[in-house]
Amino acid sequence: MKTILRHSLKILLPLWLFAAPLAAAAEPDDSIGLLDAWQGETVSASRLPKPVSHTAENVTVVTAAEIQAMNAHTLVDILASVPGMQLESLRTLGSAAYLHMQGSSFNHILVMVDGVPFNNLGDNFSDIGLIPARIIERVEIVKGAASSSWGQALGGVINVITKAPDRERRIGGNLSSSVGERRTSDSGAELSGSIERFGYYLSGGYSGSKGLLANNHGDYSNAYAKLVYDLPGKGQLSGTFGYSQGNRGDFAFAPLDLKEETYPRQLFSTLTLKTGITDQLELELNGRHATRENSIDVGLISTYLPLQSYNIDETVSGVGAKLLWRTSRNLLAVGIEYDHVWMRSTDSVVHVDTLNRKTDRWGFYLNDTLTVGNFSFSPGVRLDLTGTSGDQFSPSFGITWQLTDTTLLRAYTARGYSLPAFVLDRTSEKVWTSQVGFESTTIPYLWLKGTLFRNDTWDIVSYDSFSNSFNHERHLKQGFEVEAKTVALFNTSLSAGYDYIDARNTSTHQIVQDIPRHTLLLGVQYDDRQYLKGVLNGRHIWWNAADYHNGSYQGLIWDLHLTATPFGRKQHAPELFFSIRNIFNGSQYLDEFFKNAGRWVEGGMRISF
């Protein structure tokens with residue numbers, strides 16, 4: 001822990017010194033925006049709509065305005081700009097990407113869209129390249145175990161909240177289209193409006209590319225709809241539907257003359273009823289259904305000869321109920337969830353069904369937030385009957401202290417778990433997470449946030465090639481994360497984020513490889529509030545990878561995004577946007593199988609109506 005504290009001081013001290021000259025020159029009104037996050041609400045941390053200032057977990061929120069400013073295509077582009085997160089692949093738009101957070105791998109992180117888990121049953125992988133950015137209103141990222149609220153969320157939660165119907169007019173929307181190198185394109189349309197009690201949001205789009213890397217082509221289409229009806233009294237009925245499909249060249253490895261192509265398809269739908277029983281008590285009932293299909297073909301690059309193909313089908317259907325009780329000092333959520341899951345796979349080599357499995361899963365949870373003066377206390381507990389990996393008990397406790405008007409202190413501890421692949425009868429991996437952190441605007445015109453974390457993970461299954469056996473390991477991952485943002489000076493603001501992870505096998509005390517040890521994000525934002533805004537982002541990830549991966553870690557990968565409004569920012573005024581990604585053509589990847597794309601350029605237009 002002493003080492004972590006020394007690293008923290010090395011990062012915080014330069015940021016503190018950097019703020020002094022900036023504070024003297026900034027305009028007082030600009031500091032207001034830095035406090036907005038404290039007043040906003042988040043629902044992802046503990047399933048309670050409460051202010052971020054009462055949220056003990058380490059939460060990051062990305063808004064629709066920030067998403068549009070970075071000209072994001074999918075959720076992959078959005079998460080790549082979030083401090084404390086690492087993505088293993090950033091290639092052609094729509095490509096699959098593997099998430100990492102505080103040393104947790106992709107199969108430990110729960111991704112949800114409209115409350116529906118996006119992780120598959122096979123290995124808990126979430127294909128975030130299929131989630132279009134245009135439908136997203138905000139993304140809430142909870143870093144650290146969140147199983148007391150959401151079940152299998154050992155590493156954290158990424159909750160995608162989609163856009164709501166426009167309640168101010170009967171019909172409106174926008175059209176957007178972009179083109180780039182290697183026949184890369186992304187086009188879409190949105191319609192939104194309300195007619196008396198009824199509101200709607202509709203979206204559809206297509207994107208494609210010949211491939212920014214060899215055999216990394218892609219063609220994708222998606223559709224999304226949200227319908228909302230306000231019931232008489234205090235009730236609301238809403239439904240959502242989403243569909244996405246793709247034809248994707250995942251990778252090609254010339255030395256082995258191998259390539260892989262996948263054909264993913266995902267569909268989900270929800271139906272939710274919210275009704276106020278009393279002024280303090282609200283009932284929410286929901287149903288959800290999701291189907292996923294993925295066909296995978298492996299073959300030779302040189303002759304196009306197919307070697308193997310297999311298909312995976314999954315279905316998840318579930319219902320849930322939640323009671324929300326709120327008073328001036330207390331916010332309590334009690335709920336139950338049920339899911340029926342089914343998975344089937346076939347293999348062309350085996351020529352028989354290799355898996356046909358189903359099970360039922362139950363979850364029971366209780367989360368509370370009690371406010372006493374400048375303190376808030378957040379106990380939580382959840383019991384999951386997984387059907388395949390035993391029963392899981394997940395408690396948590398958090399506390400926040402509004403130390404001053406400009407400084408908030410947080411502490412959080414929780415037990416979490418993550419289910420193994422559905423095909424394996426193994427115990428789940430478990431973690432005990434502990435975090436302490438702060439958020440402050442004490443330095444004028446500078447927002448600072450810092451978090452120390454300790455993740456003790458056990459029941460990690462590893463394969464020993466020498467003994468041809470599986471072992472259970474325990475890893476301790478300690479580190480810190482720090483973020484800073486400034487107010488605008490001459491229409492320009494700066495941001496920075498850094499996180500450090502020390503991951504060790506507690507039995508051998510050796511450093512665990514393939515877990516990112518250092519991650520640095522730098523950003524410059526410009527906005528004249530009339531004609532031009534721009535975002536320049538740089539990121540560097542030092543993966544600490546094993547030598548056999550043949551990874552590369554050259555400098556920072558810089559992306560530039562510009563948006564121009566030639567006629568001023570008026571209603572229905574067209575926007576022109578332009579992006580240069582990987583400006584200096586750098587190489588930064590964990591494994592040579594998944595190299596990042598080089599420099600590429602795109603441009604397009606958005607029109608609102």
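Nothing fancy with the numbering, it's 1 onward along the sequence. Hydrogens, waters and symmetry mates play no part in the numbers below; they use all other heavy atoms, side chains included.
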> Looking only at atom types and distance, does a side-chain atom of Arg170 sit under 3.5 Å from a main-chain N or O of Ile195, one as donor and one as acceptor?
Replying inline: no
> What's the verdict on salt bridge (charged side-chain N to carboxylate O under 4.0 Å, His left out) for Lys477 and Asp456, showing C-alpha distance, side-chain angles and the deciding distance?
Replying inline: CA-CA 6 Å; Lys477 301 162 187 173; Asp456 185 6; over 6 Å; no
>> Looking only at side-chain N and O atoms, does Glu429 offer a donor or acceptor that is under 3.5 Å from a partner on Ser418?
In response: no
> Does any non-hydrogen side-chain atom of Asp230 lie less than 4.5 Å from one of Leu237?
Replying inline: no
> Looking only at heavy atoms, what is the nearest atom pair of Gly122 and Met343, with distance?
Replying inline: CA-CE, 3.8 Å
>> For a quick check under 3.5 Å, do Ser440 and Thr407 share a side-chain donor-acceptor pair by atom type?
In response: yes
> Arg167 and Glu196: salt bridge (charged side-chain N to carboxylate O under 4.0 Å, His left out), yes or no, with the steps?
Replying inline: CA-CA 9 Å; Arg167 291 298 193 177; Glu196 296 181 351; over 6 Å; no
> Ser495 and Gln525: side-chain donor and acceptor closer than 3.5 Å?
Replying inline: yes
> Excluding sequence neighbours, so at least two apart, what forms side-chain hydrogen bond (donor to acceptor under 3.5 Å, both in side chains) with Asp127?
Replying inline: Arg248
> Between atom OG of Ser126 and atom CG of Leu110, what is the distance when rounded to the nearest 0.5 Å?
Replying inline: 8.5 Å
>> Check whether Arg361 reaches the backbone of Val341 with its side chain - one donor and one acceptor, N or O, closer than 3.5 Å.
In response: no
>> Tell me which pairs pass salt bridge (charged side-chain N to carboxylate O under 4.0 Å, His left out) where either residue lies in residues 155-165, with sequence neighbours left out.
In response: Lys163-Glu190
> Judged by atom type as modelled, is there a donor-acceptor pair below 3.5 Å linking the side chain of Gln280 to the main-chain atoms of Ile277?
Replying inline: no
> Is the closest side-chain donor-acceptor distance between Tyr338 and Asp360 under 3.5 Å?
Replying inline: yes
>> Can you tell me how far apart CD (Glu481) and NZ (Lys143) are? Round to the nearest 0.5 Å.
In response: 3.5 Å
>> Please check: side-chain N/O of His54 versus main-chain N/O of Pro51, any donor-acceptor pairing under 3.5 Å?
In response: no
> Would you call the rings of Tyr224 and Phe268 parallel, tilted or perpendicular, where under 30° means parallel and over 60° means perpendicular?
Replying inline: tilted
> Does the side chain of Asn294 come under 3.5 Å of the side chain of Thr262 through a donor N or O and an acceptor N or O?
Replying inline: no
>> For Ser394 versus Ser147, what's the shortest heavy-atom pair and its separation?
In response: OG-CB, 3.5 Å
> Within the distance-only criterion (no hydrogens, no angle test), does the side chain of Ser192 pair as donor or acceptor with the backbone N or O of Asp166 below 3.5 angstrom?
Replying inline: yes
> Any side-chain heavy-atom pair from Met101 and Ile141 closer than 4.5 angstrom?
Replying inline: yes
> Side chains of Asn58 and Lys449: donor-acceptor distance under 3.5 Å anywhere?
Replying inline: yes
>> If you compare all heavy atoms of Arg410 against all heavy atoms of Thr400, which two are closest, and at what distance to 0.1 Å?
In response: CG-CG2, 4.1 Å
> Just wondering, are more than 12 heavy atoms of other shown residues or ligands nearer than 6.0 Å to CZ in Arg197?
Replying inline: yes
>> Check whether Gln152 reaches the backbone of Leu419 with its side chain - one donor and one acceptor, N or O, closer than 3.5 Å.
In response: yes
> Quick one: side chain to side chain contact (heavy atoms under 4.5 Å, CB included) partners of Ala411, sequence neighbours excluded?
Replying inline: Ile399, Val436
>> What I'd like to find out is whether the side chain of Lys50 reaches to under 4.5 Å of the side chain of Thr55, using heavy atoms alone.
In response: yes
> What distance do Ile135 atom CD1 and Ile131 atom CD1 have between them, rounded to the nearest 0.5 Å?
Replying inline: 7.5 Å
>> Under a 3.5 Å distance rule, please check whether Ser104 uses its side chain to pair with a backbone N or O of His108 as donor and acceptor.
In response: no
> If you measure only the distance, is there a donor-acceptor pair under 3.5 Å linking the side chains of Asn455 and Thr433?
Replying inline: yes
> Got Ser396 and Tyr412 here, is their nearest side-chain heavy-atom distance under 4.5 Å?
Replying inline: yes
>> As an exercise, state the distance from CD of Glu439 to CG of Leu409, rounded to the nearest 0.5 Å.
In response: 10.5 Å
>> Among Val157, Val142, Asn367, Val381, exactly one meets side chain to side chain contact (heavy atoms under 4.5 Å, CB included) together with Ser149. Which residue is that?
In response: Asn367
>> Checking Tyr200 against Ser194: is there a side-chain donor and acceptor pair closer than 3.5 Å?
In response: no
> Looking only at heavy atoms, which two atoms of Pro264 and Leu130 are closest? And how far apart?
Replying inline: CB-CD1, 3.9 Å
> Within a strict 4.5 Å, meaning less than it, do heavy atoms of the Thr162 and Ile136 side chains meet?
Replying inline: no
>> So Val139 and Val61, do their side chains get closer than 4.5 Å, heavy atoms only?
In response: no
>> Is it true that Asp114 and Thr270 share a donor-acceptor pair across their side chains at a distance under 3.5 Å?
In response: no
> Does any N or O in the side chain of His561 come within less than 3.5 Å of the main-chain N or O of Met70, such that one atom is a donor and the other an acceptor?
Replying inline: yes
>> I'd like to check the salt bridge (charged side-chain N to carboxylate O under 4.0 Å, His left out) partners of Asp527; sequence neighbours left out, ordered by chain and number.
In response: Arg569
>> If only side-chain N and O atoms count, and only distance matters, is there a donor-acceptor pair under 3.5 Å linking Ser378 with Thr369?
In response: yes
> Which residues pass the side-chain hydrogen bond (donor to acceptor under 3.5 Å, both in side chains) test with Asp384, sequence neighbours left out?
Replying inline: Arg382, Tyr417
>> Is it the case that the side chain of Asp77 and the backbone of Ala80 share a donor-acceptor pair, with hydrogens and angles ignored and the cut-off at 3.5 Å?
In response: no
>> Given the ring of Trp342, does Arg357 sit roughly above its face, with NZ or CZ under 6.0 Å from the centre of the six-membered ring and within 45° of the axis?
In response: no
> Does the side chain of Ser428 pick up a donor-acceptor pair with the side chain of Gln392 at under 3.5 Å?
Replying inline: yes
> What distance separates Leu323 CG from Leu332 CG, expressed to the nearest 0.5 Å?
Replying inline: 9.0 Å
> Within a strict 4.5 Å, meaning less than it, do heavy atoms of the Gln68 and Glu575 side chains meet?
Replying inline: yes
> Does Tyr220 reach the main-chain N or O of Gly94 with its side chain, forming a donor-acceptor pair under 3.5 Å?
Replying inline: yes
> What about Tyr98 and Phe125, are their ring centers closer than 6.0 Å?
Replying inline: yes
> Would Asp279 and Lys234 satisfy salt bridge (charged side-chain N to carboxylate O under 4.0 Å, His left out), going step by step from the backbone distance to the final call?
Replying inline: CA-CA 9 Å; Asp279 291 339; Lys234 299 179 180 179; 2.4 Å; yes
> Where do Gly193 and Pro165 come nearest, in terms of heavy atoms and distance?
Replying inline: O-CB, 3.8 Å
> Run the salt bridge (charged side-chain N to carboxylate O under 4.0 Å, His left out) check on Lys485 and Glu483 step by step: do they pass?
Replying inline: CA-CA 7 Å; Lys485 296 180 182 178; Glu483 299 177 60; 5.3 Å; no
> Hey, does Val316 have a side-chain heavy atom less than 4.5 Å from the side chain of Glu314?
Replying inline: no
>> Can you list everything that forms a side chain to side chain contact (heavy atoms under 4.5 Å, CB included) with Ala133? Sequence neighbours excluded, please.
In response: Ile67, Ala72, Ile78
> How long is the gap from OG on Ser207 to CZ on Arg134, to the nearest 0.5 Å?
Replying inline: 7.5 Å
